[in-house]
**Q** 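One structure follows; several queries about it will come next.
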Protein chains: 2
Amino acid sequence: MTLKDQKSDISARLKEARKLAGLSQGQVAKILGLHRPTVSEIESGRRRVSADEINSFAEAYEVSGAWLLGEINETLETNDPRIQLAARELAKIKPDDLEKLLRLISSMRDT
Amino acid sequence: MTLKDQKSDISARLKEARKLAGLSQGQVAKILGLHRPTVSEIESGRRRVSADEINSFAEAYEVSGAWLLGEINETLETNDPRIQLAARELAKIKPDDLEKLLRLISSMRDT
DNA sequence: ACATTACGTAAGATATTCTTACATTTGTAA
DNA sequence: TTACAAATGTAAGAATATCTTACGTAATGT
């Protein structure tokens with residue numbers, strides 16, 4: 001699989017975000033501790049971007065990492081008979097723990 | 001800079017999310033088109049994770065990429081054994097139903 | 001036009017990742 | 001416990017990607 005075939009085009013968003021931030025590739029390279037050609041390669045989609053680099057870019061450009069990833073909010077339907085069965089399983093968990101669990105899961109949940 | 005020094009520990013979240021999804025490394029590897037040792041290396045922090053891989057993991061585990069990036073505040077003690085136990089129960093529920101279930105319970109929680 | 005800054009790219013050196021194989025751990029049934 | 005199976009960890013050479021420096025072109029401003 002070539003790099004160009006990758007579905008999510010983070011490179012375009014990185015380039016767009018950089019310009020919105022009013023920064024040059026050289027400035028960004030210095031901030032992130034990269035070489036300038038590396039930034040060029042990234043924005044042209046010839047070089048991958050790691051998780052930590054995404055976070056660094058997001059901070060430098062003041063955008064969310066989620067936006068850089070191209071995450072799309074998806075809605076979903078809530079009517080399914082199997083839910084009630086699953087809910088009965090959940091009911092076995094102690095209320096105190098359930099509260100914590102819900103907070104954990106909701107923080108992980110797709111928006 | 002070694003890989004372990006990277007501030008955002010996406011590897012730990014990937015491992016946690018996989019277990020919550022009830023998947024083995026082998027299953028995940030097949031879904032994402034990776035070799036199983038690669039998943040192992042990723043979860044141990046010895047291999048980087050690219051932007052597209054983050055999106056793929058997020059979809060497979062049904063968590064947000066933002067959470068995998070560590071953007072969402074982790075206010076919870078995830079090493080609490082009681083929560084791990086509860087999470088194991090939740091892992092038995094089919095991923096498709098999990099999100100629906102969470103919505104149901106969230107709506108019940110508000111009173 | 002000239003100077004300066006920004007950006008793209010080439011090429012060899014370096015580093016990472018891939019792939020296969022084997023080892024270790026963990027879970028489970030006899 | 002022992003034995004077996006499944007899951008995970010890891011080693012090592014091959015394949016690939018990235019780094020680093022250098023040079024070239026395009027854009028911008030004076």
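All chains are named by letter (A, B, ...) in the order of the sequence lines, taking the proteins before the strands, and each is independently numbered beginning at 1.
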**Q** Hey, is the main chain of Gly65(B) close enough, under 3.5 Å, to the side chain of Asn55(B) for a donor-acceptor pair?
**A**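 Answer holds: no.
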**Q** When we call it a touch if two heavy atoms are under 4.0 Å apart, what does Lys19(A) touch: a base, just sugar-phosphate, or nothing?
**A** nothing
**Q** Students often get this wrong, so: under 4.0 angstrom with heavy atoms, is Glu43(B) touching a base, only sugar-phosphate, or nothing?
**A**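 The answer is nothing, as Glu43(B) stays clear of every strand by at least 4.0 Å.
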**Q** Let me know, please, whether Gln27(B) or Glu41(B) comes out on the 5' side of the other along DNA chain D by nearest nucleotide.
**A**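 Final value for this comparison: Gln27(B).
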**Q** Measuring to OP1 and OP2 of dT17(C), would you say a side-chain N or O of Arg48(A) lies under 4.0 angstrom away?
**A**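 Indeed not, no polar side-chain atom of Arg48(A) lies that close.
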**Q** Could you note down all residue pairs passing side-chain hydrogen bond (donor to acceptor under 3.5 Å, both in side chains) where residues 31-41 of chain A supplies at least one of them, sequence neighbours left out?
**A**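 Counting only pairs at least two positions apart or across chains, the side-chain hydrogen bond (donor to acceptor under 3.5 Å, both in side chains) contacts touching residues 31-41 of chain A are Glu41(A)-Arg46(A).
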**Q** Return the value, rounded to whole Å, for the distance between atom CZ of Arg47(A) and atom P of dA15(C).
**A**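 Spelled out: CZ on Arg47(A) to P on dA15(C) is 15 Å.
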**Q** Does some side-chain heavy atom of Phe57(B) sit less than 4.5 Å from a side-chain heavy atom of Leu34(B)?
**A** yes
**Q** What integer distance in Å separates Glu53(A):CD from dT16(C):P?
**A** 12 Å
**Q** Compare side-chain N and O positions of Gln25(B) against OP1 and OP2 of dG9(D) and report whether any pair is under 4.0 Å apart.
**A**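 Gln25(B) to dG9(D) OP1/OP2: side-chain N or O found under 4.0 Å.
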**Q** How sharply is the helix from dA1(C)-dT30(D) to dA30(C)-dT1(D) bent, taking the axes over five pairs at either end and rounding to 10 degrees?
**A**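 The two end axes of the helix from dA1(C)-dT30(D) to dA30(C)-dT1(D) meet at 50°.
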**Q** Would you indicate, yes or no, if dT10(D) has its OP1 or OP2 atom less than 4.0 angstrom from a side-chain nitrogen or oxygen of Arg46(B)?
**A** yes
**Q** Taking atom P of dC18(C) as reference, at what distance in whole Å does atom CG of Leu34(B) sit?
**A**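 Rounding to the nearest Å, CG of Leu34(B) and P of dC18(C) are 7 Å apart.
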**Q** If you measure from CZ on Arg48(B) to CZ on Arg48(A), what distance do you get to the nearest 0.5 Å?
**A**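 Going from the CZ atom of Arg48(B) to the CZ atom of Arg48(A) covers 11.0 Å.
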**Q** Under 4.0 Å from OP1 or OP2 of dC19(D): is there any side-chain N or O of His35(A) that close?
**A**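 Result: no.
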**Q** Side chains of Ile10(A) and Ile54(A), heavy atoms from C-beta outward: is any pair under 4.5 Å?
**A**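 In contact.
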**Q** Measure the distance from CD1 on Ile42(B) to P on dT19(C) and round it to the nearest whole Å.
**A**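 Whole-Å distance recorded here is 13 Å.
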**Q** Check the hydrophobic clustering (I, L, V, M, F, W, Y; side-chain heavy atoms under 4.5 Å; chains of links allowed) and say if Leu68(A) and Leu20(A) are grouped together.
**A**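 No, Leu68(A) does not connect to Leu20(A) through the hydrophobic network.
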**Q** Using a cut-off of less than 4.0 Å, is there contact between a side-chain N or O of Lys15(B) and OP1 or OP2 of dG9(D)?
**A** yes
**Q** Which residue lies toward the 5' end of DNA chain C, Pro37(B) or Val49(B), if each is placed at its nearest nucleotide?
**A** Val49(B)
**Q** Name the nucleic acid region contacted by Ser40(A), choosing base, sugar-phosphate or nothing; use a 4.0 angstrom heavy-atom cut-off, strictly under.
**A** base
**Q** Report yes if the side chains of Val39(B) and Glu43(B) come closer than 4.5 Å at any heavy-atom pair, otherwise no.
**A** yes
**Q** Using a cut-off of less than 4.0 Å, is there contact between a side-chain N or O of Arg36(B) and OP1 or OP2 of dT19(C)?
**A**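 For dT19(C), OP1/OP2 do not have a side-chain N/O of Arg36(B) under 4.0 Å.
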